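First the structure, in the form of structure tokens, and then the observations on it.
Here is how names work: the chains are called A, B, and so on, in the same order as the sequence lines, proteins then strands, and each is numbered from 1. Computed from a prediction, not measured in an experiment: that's the story for all the values here.
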Number of protein chains: 2
Amino acid sequence: MAKVAKKAAKKAPAKSPAKASPKSSSKKIKRVYFFGAGKAEGKAEQKLLLGGKGANLADMTLAGLPVPPGFTITTETCRDYNDLKQKMPAGLLEEVKDHLARTEKASSKKFGDPKNPLLLAVRSGAAISMPGMMDTVLNVGLNDVVVEGLAQLTNNARFAYDCYRRLINMFGDTVMGVPHEEFEHALSEVKASVGAAADTDLRTADLKLVVEKYKAIYKKGTGEDFPQDGLKQLALSIEAVFKSWMGDRAIAYRRINDVRGLSGTAVNVQTMVFGNMGDDSATGVAFTRNPSTGEDRFYGEFLVNAQGEDVVAGIRTPLDCDTEMGKWSKKSWKELLVVKDKLEARYKDVQDFEFTIERGKLYMLQTRAGKRNTKAAVKIAADMVKEKLIDEKTAILRVDPASLDQLLHPMFDPKAKRNVIAKGLPASPGAAVGKLAFTADEAHERAHNGEKVILLRKETSPEDVQGMHSAAGILTSTGGMTSHAAVVARGWGKTCVVGAGALVIDERSKTLRIQGSDKVYGPDSVVSIDGSTGEVIEGSLPMVDPEMTGPFAQIMKWADKYRTITVRTNADSPADANKAREFGAEGIGLCRTEHMFFEGGRIKHMREMILATDVDARKAALAKLLPYQRDDFVGIFKAMNGLPVTIRLLDPPLHEFLPHAEEDQAELARDTGKTLAEVKARVSQLHEANPMLGHRGDRLAVTYPEILEMQVRAIIEAACIVKKEKVKVLPEIMIPLAGTKKELDYLKTYTVETANAVMKEQGVKVDWMYGTMIEVPRAALTADEIAHTAEFFSFGTNDLTQMTFGYSRDDVNSFLPDYLAKDILEKDPFQSLDQTGVGKLVKMAVDAGRKTKKGLKCGICGEHGGDPKSVEFCVGVGLDYVSCSPFRVPIARLAAAHAAIKASKK
Amino acid sequence: MAKVAKKAAKKAPAKSPAKASPKSSSKKIKRVYFFGAGKAEGKAEQKLLLGGKGANLADMTLAGLPVPPGFTITTETCRDYNDLKQKMPAGLLEEVKDHLARTEKASSKKFGDPKNPLLLAVRSGAAISMPGMMDTVLNVGLNDVVVEGLAQLTNNARFAYDCYRRLINMFGDTVMGVPHEEFEHALSEVKASVGAAADTDLRTADLKLVVEKYKAIYKKGTGEDFPQDGLKQLALSIEAVFKSWMGDRAIAYRRINDVRGLSGTAVNVQTMVFGNMGDDSATGVAFTRNPSTGEDRFYGEFLVNAQGEDVVAGIRTPLDCDTEMGKWSKKSWKELLVVKDKLEARYKDVQDFEFTIERGKLYMLQTRAGKRNTKAAVKIAADMVKEKLIDEKTAILRVDPASLDQLLHPMFDPKAKRNVIAKGLPASPGAAVGKLAFTADEAHERAHNGEKVILLRKETSPEDVQGMHSAAGILTSTGGMTSHAAVVARGWGKTCVVGAGALVIDERSKTLRIQGSDKVYGPDSVVSIDGSTGEVIEGSLPMVDPEMTGPFAQIMKWADKYRTITVRTNADSPADANKAREFGAEGIGLCRTEHMFFEGGRIKHMREMILATDVDARKAALAKLLPYQRDDFVGIFKAMNGLPVTIRLLDPPLHEFLPHAEEDQAELARDTGKTLAEVKARVSQLHEANPMLGHRGDRLAVTYPEILEMQVRAIIEAACIVKKEKVKVLPEIMIPLAGTKKELDYLKTYTVETANAVMKEQGVKVDWMYGTMIEVPRAALTADEIAHTAEFFSFGTNDLTQMTFGYSRDDVNSFLPDYLAKDILEKDPFQSLDQTGVGKLVKMAVDAGRKTKKGLKCGICGEHGGDPKSVEFCVGVGLDYVSCSPFRVPIARLAAAHAAIKASKK
């Protein structure tokens with residue numbers, strides 16, 4: 001390799017993201033942060049370093065909440081561990097031991113001491129919550145001796161051995177990779193042999209047998225005895241958490257959820273408390289408000305005599321905190337209600353927290369901002385402003401613009417007859433219709449091939465996330481509102497129904513039966529699921545539009561108050577225009593006229609025009625199209641009374657309008673008095689190797705100015721007609737695909753002459769503008785020249801992205817998935833604007849255009865106009881408006897408010 | 001129209017090219033410049049204002065050469081005339097009359113005075129010569145009375161009436177638009193009625209009859225009598241010249257010859273002198289040196305007793321100045337030789353001049369730099385340096401780089417047997433082969449459809465230029481070395497043979513016969529014409545390469561001395577590489593590897609690779625291709641010993657390698673053990689809507705890194721092999737179509753690993769580089785990032801132009817001709833780099849790339865690398881090299897020298 005290369009290679013490490021090398025740093029890095037007994041070394045703000053859970057454990061401790069003592073190992077340590085090819089950084093174990101000693105002191109227990117044993121929970125906790133993605137090991141510190149001590153101390157040998165068998169199972173599975181199924185199988189065998197229906201039916205002797213069997217499984221799987229040294233258990237558990245950060249599941253989760261820029265996960269090592277110490281013990285997960293509806297009521301579930309993972313795994317059906325807990329223990333219930341209020345007052349947001357009640361004493365294990373669906377997010381944000389907990393700007397920022405999509409899309413028609421075949425819990429609202437997919441892989445594959453599927457599972461697990469993401473909706477037969485399926489689906493805003501116990505699912509034969517019915521459903525059966533009622537309905541249910549009132553309207557009102565950019569819509573018909581106005585559109589940013597040539601009889605005239613061999617014949621055909629087009633514009637102008645309407649002249653290549661099947665060509669030949677050979681010849685003449693870069697856009701108008709004249713005439717005639725009816729009309733004529741000033745000059749002459757002629761005929765004066773799409777890179781590069789002729793710019797970022805990247809949108813799927821999978825591209829540039837490349841062109845063009853023409857109106861009409869990140873970019877470069885599809889208008893309004901608020905904070 | 005538009009419209013005039021409005025200027029503009037009697041108001045430097053002819057008439061007058069007195073009306077007046085919708089600017093006629101009076105004084109004659117009449121020639125003359133494109137009127141001032149006076153004064157009534165009939169003809173045709181054919185027809189009638197063979201056989205009475213007939217034709221054509229008022233004749237003639245500037249012919253000429261930025265033509269009004277006053281009078285056109293060979297010998301033609309247009313029109317065959325004039329008049333000959341030397345001493349260049357000898361007295365009518373073909377230009381430039389007339393830099397600038405093309409392309413093989421069917425004058429050297437086209441329109445149309453044609457005409461006229469331009473060569477049966485066909489063809493460097501008198505051409509039946517032969521040739525007959533010998537040969541003659549010695553080598557040596565940029569070549573084979581080295585290439589800038597997959601048996605392995613369904617099968621097929629590719633590189637590296645070789649990895653989409661005919665697909669299926677359905681499925685899977693923007697370039701390598709690995713292995717293995725043989729090898733591995741830094745990073749890992757592995761295996765260390773094409777706009781826009789990974793940039797301006805304009809090169813012909821015809825584009829951007837748009841990207845990328853990596857090697861490998869204007873641009877933005885096809889290497893070398901010399905003068 002040449003010298004330059006070598007130099008570059010040598011420099012490379014210095015250029016990689018700044019980080020302290022674990023080897024080279026001379027200053028000792030603090031890797032472990034203690035919390036307990038009202039004191040904590042960490043702070044709430046240190047989420048990046050301590051993870052969300054670690055920072056909140058520290059903060060809850062400082063707030064005086066009852067947190068079992070323990071310590072947090074930093075996320076940077078995780079990064080260093082993985083950088084060191086999965087070796088523990090020097091000194092870490094010593095630091096852990098020191099903090100273990102502090103934990104012993106705070107808990108008044110001793111690790112490994114059978115008389116008063118300290119047991120530990122080892123949990124992961126990244127800065128951003130990744131539910132179920134990484135590993136947890138509980139009851140660390142138990143061994144053959146300690147278990148006996150625990151039995152004596154608690155006077156509950158059954159409990160002690162239940163803990164021990166759980167440790168061997170979790171440690172074996174999570175840390176050492178022994179298949180979980182083997183443990184499950186052994187447990188089932190013992191249960192069967194003693195006739196136990198539930199785990200709780202097992203007695204001490206049975207559990208001792210389970211422990212023995214587990215140890216044998218462990219030895220068979222690892223070649224070693226289960227470690228009796230608690231410190232070894234602890235060290236290996238910590239390593240397992242570090243490793244899980246780089247596991248396939250976690251990497252996939254981060255990619256799907258666009259989680260970037262984190263060092264790793266923190267590890268929280270905490271004194272075990274036990275919800276399974278008897279019927280005076282319990283464990284639960286709760287939200288300070290209902291995360292599904294936003295209602296301000298305590299919302300949670302608990303299980304008596306259970307450990308935390310029993311709740312999350314959805315194996316037993318839990319009880320409702322609000323309605324059931326008081327019956328079980330009034331004291332605990334009241335304590336929890338106090339804690340709930342403290343949490344909201346402290347964190348000014350809905351909290352999702354975990355608790356354990358050990359022999360009547362409440363412990364807080366975790367708190368974090370509660371994931372909620374959009375409907376809830378909107379209601380909670382609006383309510384909290386009313387409650388003066390937060391201000392309007394904070395409320396706006398609490399609602400993710402992209403998530404509004406959930407609210408804006410149709411719901412099931414309430415009037416439609418429902419053939420409800422089962423009912424479950426309404427885990428994530430919305431409406432979804434699809435065919436049944438029986439595994440996550442199947443769901444992913446079929447969805448990828450364009451099918452709408454409902455993923456049907458007994459329960460879901462982190463391995464299923466890809467298939468869950470691909471499915472239109474998720475339906476499970478077990479699990480509660482905080483089961484894996486429910487939590488994940490709510491986070492995505494995906495429709496989900498869980499715990500529909502009547503479903504009998506056979507994954508192998510791919511069949512679904514309903515208890516009490518003979519009917520069998522298979523992969524081709526269509527069901528509808530209603531995430532707001534939990535209903536499972538046979539067949540495809542019709543949908544209706546959602547209402548845009550209440551808290552939603554309130555949040556949008558605030559958004560409009562703070563945003564600094566106009567939001568228009570892309571609409572080609574009066575119906576779309578009306579729909580968009582309802583959604584708050586302030587004009588049409590893109591009215592495509594080509595669709596107007598397809599409807600009904602129009603296509604015949606269009607084809608006649610295309611087949612014409614001279615100007616006169618072409619003009620004659622165009623004259624027949626004129627009235628249709630004029631009437632379309634009349635309708636659109638009336639719908640947008642008082643708002644600007646940007647009309648793009650004919651854009652697609654002419655061959656798109658000609659038939660390609662021979663019988664259709666023959667019919668066309670008969671209709672137009674041509675021979676079939678002539679029609680075929682024209683079709684073949686219009687064929688192009690790369691139609692995207694061919695004879696389309698304003699190139700058609702340059703070749704056939706009469707097409708432009710007809711369209712301009714239709715626009716201005718329509719404008720004159722509605723103006724006479726007192727409609728306020730603001731047409732903006734937009735030339736597509738221009739790349740040079742001269743073509744805009746050339747076409748402007750025809751446009752101005754036609755418009756003047758029409759206005760003279762009609763005796764009406766209409767204000768109109770002449771502008772251009774900026775969608776060819778050259779137009780952006782020469783925007784200073786183009787702005788002399790164009791009165792406005794509208795960035796057509798779809799084509800601009802195609803040409804700037806050299807990616808044909810029609811063909812990109814042959815390589816784009818590889819580019820995303822190999823992390824060469826962070827995102828599909830057709831979904832979210834590429835700010836580095838395409839964005840640079842946009843910025844250059846805006847700046848250059850306005851240098852030529854001060855205050856030049858600039859907007860965007862590519863599909864990026866409805867993507868929140870892209871909207872933020874548009875605000876940043878100073879566009880006057882974004883334009884997007886009607887359904888995305890509220891998203892753009894909210895995104896624009898986010899951008900303005902964030903910018904004002906900078 | 002909205003307000004912004006109106007403002008812009010109002011501003012527009014102020015923005016148009018600065019010019020003095022003819023109405024608004026208060027200061028009087030001088031529009032007319034006198035010359036005569038040793039004094040002149042104009043200067044040689046005022047070519048833009050006075051036109052080439054006007055400036056030189058002034059200068060020759062000042063130099064004491066015998067120039068008939070007169071005056072020049074400025075080019076700005078022509079512009080004002082046309083801006084005023086073809087009305088004479090106020091005051092112009094008065095200024096003309098003043099200068100007419102000065103002319104009368106200088107010539108001692110009086111306009112309109114029968115006793116001593118001043119007759120005038122009215123000629124056009126733009127700043128750049130446009131031979132035959134605009135109008136001339138001679139003998140202005142004659143009328144029924146003055147003609148009689150002229151007859152008496154000259155004692156030559158025949159001459160006087162010959163002048164008069166010429167005036168009526170020219171004025172009627174040129175000024176008033178009466179068809180020339182009607183005059184011709186009348187003349188023929190009279191000649192027939194009196195039995196005259198030539199015009200000179202007509203007697204006075206016959207000419208009087210011709211005059212009467214011409215007057216009748218004039219009246220019939222215009223509805224008016226022929227004007228007897230000399231001033232009216234003059235004013236209308238001046239207007240006719242102005243108008244001719246905006247005529248279709250002149251506009252077409254300017255477009256074809258890329259003449260821009262001129263205001264209009266000047267008008268030269270000059271005292272008539274007469275070469276047709278008897279046998280002691282003559283007129284001629286001459287060059288100071290031979291414009292066809294460059295030989296330093298007087299070179300010209302004259303006709304005794306004739307007017308200038310007789311020579312140019314090629315109606316009579318003229319005599320040679322050098323060999324024949326002495327015989328006719330020793331005095332005149334010697335005078336002319338003195339004038340010739342004076343001209344070269346004054347203008348330091350070959351002059352093309354017109355003269356008239358009136359009754360033994362020599363008059364100079366015009367001089368200008370002589371058009372010459374490239375061979376002559378090269379020799380003259382080299383000779384003049386030897387003669388110390390000019391310096392090396394001037395010599396370099398005297399040779400148009402683009403014109404070198406003429407010298408670099410093959411000539412007829414001198415050893416080939418020639419079936420010569422006719423012989424004419426060697427008017428423009430070169431070799432051309434084609435089918436016969438009998439009209440200019442036919443030639444244009446057939447050439448447009450891809451045929452090679454020879455335009456066969458009796459003589460050519462300005463109406464024919466488009467067809468002449470399209471033809472491969474031009475062949476006429478009449479006319480001399482300075483006939484229209486000869487002059488125009490030499491200017492273009494197009495092969496031309498004129499005056500092949502044996503040719504009997506029948507335009508209507510489209511047949512050619514040869515005198516003395518029965519053979520008939522038609523539109524499908526192929527002939528070869530040799531522009532250096534004048535031979536017309538039946539059939540298609542084989543060609544051989546030209547020699548690069550003598551003056552050509554001298555000029556190229558000087559060019560290499562002054563240029564500042566390296567010239568490489570695009571070559572894919574050892575043969576091309578060797579050819580390019582002969583032409584002076586200093587490396588390979590683009591070695592395309594895809595061609596290497598097509599030859600012989602290789603395509604089978606390639607197809608096997610494409611049809612492979614897994615990595616192992618793909619690797620197996622690639623392993624079979626490896627030895628072929630390695631051997632190709634061995635050959636190329638040896639050919640380029642000591643010079644760098646840039647190798648582009650596989651670029652085209654895979655479908656280009658698969659067969660599309662069903663029988664070929666069936667064969668492929670048999671060969672590869674697939675079913676036909678499988679082959680068809682793969683073909684269909686690889687089909688793309690826009691392959692230009694599809695799965696090609698480095699996107700293939702991202703999807704199938706094993707292809708890249710094979711190619712890198714072949715390159716480095718070949719490099720190691722030749723290095724062992726003491727060949728100096730400098731491979732530069734170039735990634736096509738990259739648009740992001742990350743894809744270059746991704747591929748660099750594979751490249752470096754493979755290269756290192758090969759070098760380890762071979763035990764040889766090779767210096768190589770890793771770089772990228774910059775051909776996707778995004779790559780140019782993010783060049784700062786890309787330069788961190790790439791060690792060199794090579795601008796692929798073909799694709800960069802496609803994507804920056806959004807023009808598919810394969811489809812552009814559906815609209816590009818309109819864009820050129822409507823002057824929306826000045827040039828085909830695929831031929832000459834668009835400096836405003838594409839060039840901006842290139843400049844941005846060079847600057848940004850070098851900001852990241854100081855001294856980053858940048859070159860261009862698009863076809864623009866061989867276009868002189870583009871080369872100048874490349875020098876300007878600081879590229880290190882240009883690369884072009886072997887035949888264009890000398891052009892690029894010379895163009896680079898031009899650019900460097902011009903830059904040094906700034």
Side-chain angles (χ1 to χ4, degrees), chain A residues 1-5 8 15 686 688-695 697 699 702-703 737 739-740 742-743 746 752 755 767-770 775-778 781-782 785 788-789 791 799 802-808 810-812 814-815 818-819 822-825 834 836-838 840-841 853 856-857, chain B residues 1-5 8 15 686 688-695 697 699-700 702-703 737 739-740 742-743 746 752 755 767-770 775-778 781-782 785 788-789 791 799 802-808 810-812 814-815 818-819 822-825 834 836-838 840-841 853 856:
Chain A
M1 204 160 185
K3 279 176 191 168
V4 182
K15 297 269 175 186
L686 289 174
E688 293 182 310
N690 295 288
M692 169 56 49
L693 308 177
H695 199 181
R699 295 163 198 172
V702 168
T703 316
L737 214 72
T740 64
K742 280 199 178 173
E743 64 197 306
Y746 180 80
V752 170
D767 270 350
W768 62 279
M769 292 179 87
Y770 178 84
E775 53 185 337
V776 167
R778 196 182 187 281
L781 290 163
T782 61
E785 296 180 358
H788 283 291
T789 305
E791 294 169 280
D799 276 8
Q802 293 200 90
M803 294 180 206
T804 303
F805 273 91
Y807 291 173
S808 159
D810 295 327
D811 305 309
V812 78
S814 54
F815 58 89
D818 284 330
Y819 272 60
K822 293 175 178 180
D823 209 27
I824 291 171
L825 287 175
D834 160 48
T836 318
V838 179
K840 190 171 195 170
L841 277 180
K853 195 171 272 172
L856 178 78
K857 178 154 46 164
Chain B
M1 202 159 187
K3 279 174 192 171
V4 182
K15 298 269 179 187
L686 289 174
E688 293 183 308
N690 296 288
M692 170 55 49
L693 308 177
H695 199 181
R699 296 163 198 171
L700 293 172
V702 168
T703 316
L737 214 68
T740 63
K742 279 198 179 174
E743 62 196 310
Y746 181 79
V752 170
D767 270 351
W768 62 279
M769 290 178 88
Y770 179 84
E775 53 184 338
V776 167
R778 195 181 187 283
L781 290 163
T782 60
E785 295 180 358
H788 283 291
T789 305
E791 294 170 281
D799 275 9
Q802 295 200 90
M803 293 180 205
T804 304
F805 273 90
Y807 290 174
S808 158
D810 295 328
D811 304 309
V812 78
S814 53
F815 58 90
D818 284 331
Y819 271 60
K822 294 176 178 180
D823 208 29
I824 291 171
L825 287 175
D834 160 49
T836 318
V838 180
K840 190 171 197 171
L841 276 181
K853 195 173 272 173
L856 179 78

Subject >> Backbone of Met692(A) reached by a side-chain donor or acceptor of Asn690(B) within 3.5 Å >> reply: yes
Original post:
Do you know which of Gly739(A), Ala755(A), Pro691(A), Gly806(A) has the most heavy-atom pairs under 4.5 Å to chain B?
Top reply: Gly806(A)
Original post:
If you measure from CZ on Arg778(B) to NZ on Lys840(A), what distance do you get to the nearest 0.5 Å?
Top reply: 9.5 Å
**OP:** For each of Val838(A), Leu825(A), Asp823(A), tally heavy-atom pairs with chain B at distances under 4.5 Å, and name the one with the top tally.
**Re:** Asp823(A)
**OP:** Can you tell which part of Glu775(B) gets under 4.5 Å to a heavy atom of chain A, answering side chain, backbone, both or neither?
**Re:** neither
**OP:** Drop me the distance from Glu743(B)'s CD to Asp818(A)'s CG, to the nearest 0.5 angstrom.
**Re:** 12.0 Å
Subject >> Interchain contact, Tyr746(B) with chain A, by part (heavy-atom threshold 4.5 Å) >> reply: side chain
Original post:
Checking Asp834(B) against chain A: side chain, backbone, both or neither under 4.5 Å from a heavy atom?
Top reply: side chain
**OP:** Against chain B, work out which of Phe805(A), Tyr807(A), Phe815(A) has the most heavy-atom pairs shorter than 4.5 Å and name it.
**Re:** Phe815(A)
Original post:
Among Leu856(A), Thr703(A), Asp799(A), which has the most heavy-atom pairs under 4.5 Å with chain B?
Top reply: Thr703(A)
Original post:
When rounded to the nearest 0.5 angstrom, what is the spacing between OH in Tyr819(B) and CZ in Arg699(A)?
Top reply: 6.0 Å
Subject >> Proximal component of Val702(B), with respect to chain A [non-hydrogen, under 4.5 Å] >> reply: both
Original post:
Asp811(B) side chain to Ala689(A) main-chain N or O, any donor-acceptor pair under 3.5 Å?
Top reply: yes
Original post:
Considering all heavy atoms of both residues, which atom of Thr804(B) and which atom of Val776(A) are nearest to each other, and what is their separation?
Top reply: O-CG1, 3.0 Å
**OP:** Can you spot which of Leu693(B), Asp810(B), Val812(B) makes a side-chain contact (heavy atoms from CB on, under 4.5 Å) with Leu693(A)?
**Re:** Leu693(B)
Original post:
How many angstroms lie between atom CD of Glu688(A) and atom OG of Ser808(B), to the nearest 0.5 angstrom?
Top reply: 7.0 Å
Original post:
Checking heavy atoms, do the side chain of Thr740(B), its backbone, both or neither come under 4.5 Å from chain A?
Top reply: side chain
